[in-house]
Amino acid sequence: MEPDEAFRAEVRAWLEDNLTGEFADARGLGGPGREHEAFGLRLAWERHMAAAGWTCVGWPELHGGRGASVERQVAFHEEYALADAPARVNHIGENLLGPTLIAYGTQEQRRRFLPEIAAVRELWCQGYSEPDAGSDLAGVRTRARLDGGRWRVDGQKVWTSLALEADWCFALCRTEPGSSRSRGLSFLLVPMRQDGVEVRPITQITGTSEFNEVFFDGAVTDAANIVGAPGDGWRIATATLGFERGVATLGQQVGFRREFEGLVRLARRTGAVDDPLLRDRIVRAWIGLQVLRLNAVRTMAGVAAGAPGPESSISKISWATWHQELGELAMDVLGAAGTVAEGPPYELGEWQRLFLFSRADTIYAGSNEIQRQIIAERVLGLPREPRG
């Protein structure tokens, strides 16, 4: 057996042996609009994975990973999806902050934080967007100043996924008074469980609250908890976005593939596959899913020795548009039944929740408009859009 196929067989066998007992109930749980599902059970499952060395498979062995090649990382995610394993709870730490610290962190930061991420002992959230700085991330107003041996942080972040569960937040803050736009920003690591941090859940149209507002009111973190130099935060933050829009989408596609396969089963039950127009859209969705996978693999192969470039914006546009269209297709497969809640007062079915949640896909993590602008200016070299 070839080495990569042997690795795939190892992953498959481990999942088959371990998604049993208490973890059998975790199959298929979680994902976009469903992060509320059995969070404690999914956390226990991921810690079980960590104990067996199945988290952070793409990280270098030096930093607690398996040093898996691109091909083996693809195999891992594909087998994870085929096993219907639950959506991961440590995505932000493992796929965003971890690679950022490996690329830009100090030795002390790597020693302090990477083992905790790999073992799923500490969870992270991302403190980027603000009420007046969403897609225009350079408009950040949250301030941080050095006060003795600590940074003191004041401001507000919004749309912060999993902030209620997170132990830490990596936050983009303005550390140079009077600076504007991308200058004067710093990338800080801030503990969430302190008196100076308040988290307020935001109820979405799905009725769930994956997103939150986070208020910093004199929150503190050690002076050493800055990634890169003061004022270098924009470079670090955009590199992290590259990981989010590129390599990390392989893990995200675990859920996408599961959703697509479920939709195909639904179409067969409802008879929607007999409608040639719907059948054509289902085939197009399958083709789109293959394109997402291949683009993610291409991104991974191109950044094996460093951080993703602006080309990763292509991935963000692709998956956001594909997933939103999948939600629309699900409603058409359901037909009139899709317009009626499953129970009072507002109990949604899985396809209704997917449709409603996916309306945000083309907005969060950088809107499609912003991604097209990045591609135009930084990839194609077109003239910059006039700024006001």
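One finds a salt bridge joining Arg112 and Glu122 here, because a Lys/Arg side-chain nitrogen approaches an Asp/Glu carboxylate oxygen to under 4.0 Å. By the 4.0 Å N-to-carboxylate-O rule, Arg359 lies close enough to Glu328 to be salt-bridged with it.
Counting only distance, with no hydrogens or angles, the side chain of Asp275 and the backbone of Leu277 share a donor-acceptor pair below 3.5 Å. Counting only distance, with no hydrogens or angles, the side chain of Tyr128 and the backbone of Ala237 share a donor-acceptor pair below 3.5 Å.
With a 4.5 Å cut-off between side-chain heavy atoms of Ile, Leu, Val, Met, Phe, Trp and Tyr, the cluster of Leu82 takes in none. In the hydrophobic clustering, where aliphatic and aromatic side chains (Ile, Leu, Val, Met, Phe, Trp, Tyr) are joined below 4.5 Å either directly or transitively, Phe39 groups with Leu43, Val89, Val120, Leu123, Leu162.
With sequence neighbours left out, Leu380 forms a side chain to side chain contact (heavy atoms under 4.5 Å, CB included) with Ile375, Leu382. For Asp84, the side chain to side chain contact (heavy atoms under 4.5 Å, CB included) partners are Arg27, Arg258, not counting sequence neighbours. Residues that satisfy the ring pair (Phe, Tyr, Trp, His ring centres under 6.0 Å) test with Trp151, not counting sequence neighbours, are absent from this structure. Under the side chain to side chain contact (heavy atoms under 4.5 Å, CB included) criterion, Arg143 pairs with Asp154, sequence neighbours left out. For the side chain to side chain contact (heavy atoms under 4.5 Å, CB included) test, residues two or more places apart in sequence or in another chain that qualify with Arg284 are Asp280. Under the rule for a side-chain hydrogen bond (donor to acceptor under 3.5 Å, both in side chains), the partners of Arg235 that lie at least two apart in sequence or sit in another chain are Asp232. Residues passing the salt bridge (Lys or Arg N to Asp or Glu O under 4.0 Å) test with Glu108, sequence neighbours excluded: Arg111. Listed by chain and number, the residues in a salt bridge (Lys or Arg N to Asp or Glu O under 4.0 Å) with Glu16 amount to none (sequence neighbours excluded).
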Point to revise | Working for side chain to side chain donor-acceptor pair (under 3.5 Å), residues Gln204 and Glu210 | key: CA-CA 8 Å; Gln204 302 148 203; Glu210 280 91 355; 3.0 Å; yes

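Taking the six-membered ring wherever Trp is involved, the centroid distance between the rings of Trp234 and Phe187 does not fall below 6.0 Å.
Taking the centre and axis of the six-membered ring of Trp319, the NZ or CZ atom of Lys316 falls inside the cone set by 45° and 6.0 Å. A cation-pi arrangement is found for Arg66 relative to Trp54, the charged atom lying closer than 6.0 Å to the ring centre and inside a 45° cone about the ring normal.
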List the atom pairs, with distances to 0.1 Å, where a side-chain N or O of residues 347-357 and a protein N or O form a donor-acceptor pair under 3.5 Å, not counting sequence neighbours.
from, atom 1, to, atom 2, distance (Å)
Gln352, OE1, Gly349, N, 2.8
Gln352, NE2, Gly338, O, 3.0
Gln352, NE2, Val340, O, 2.7
Arg353, NH2, Leu348, O, 3.3

Distance-only donor-acceptor hits, side chain of residues 216-231, under 3.5 Å, sequence neighbours excluded:
from, atom 1, to, atom 2, distance (Å)
Thr221, OG1, Leu189, O, 2.6
Thr221, OG1, Asn225, ND2, 2.9

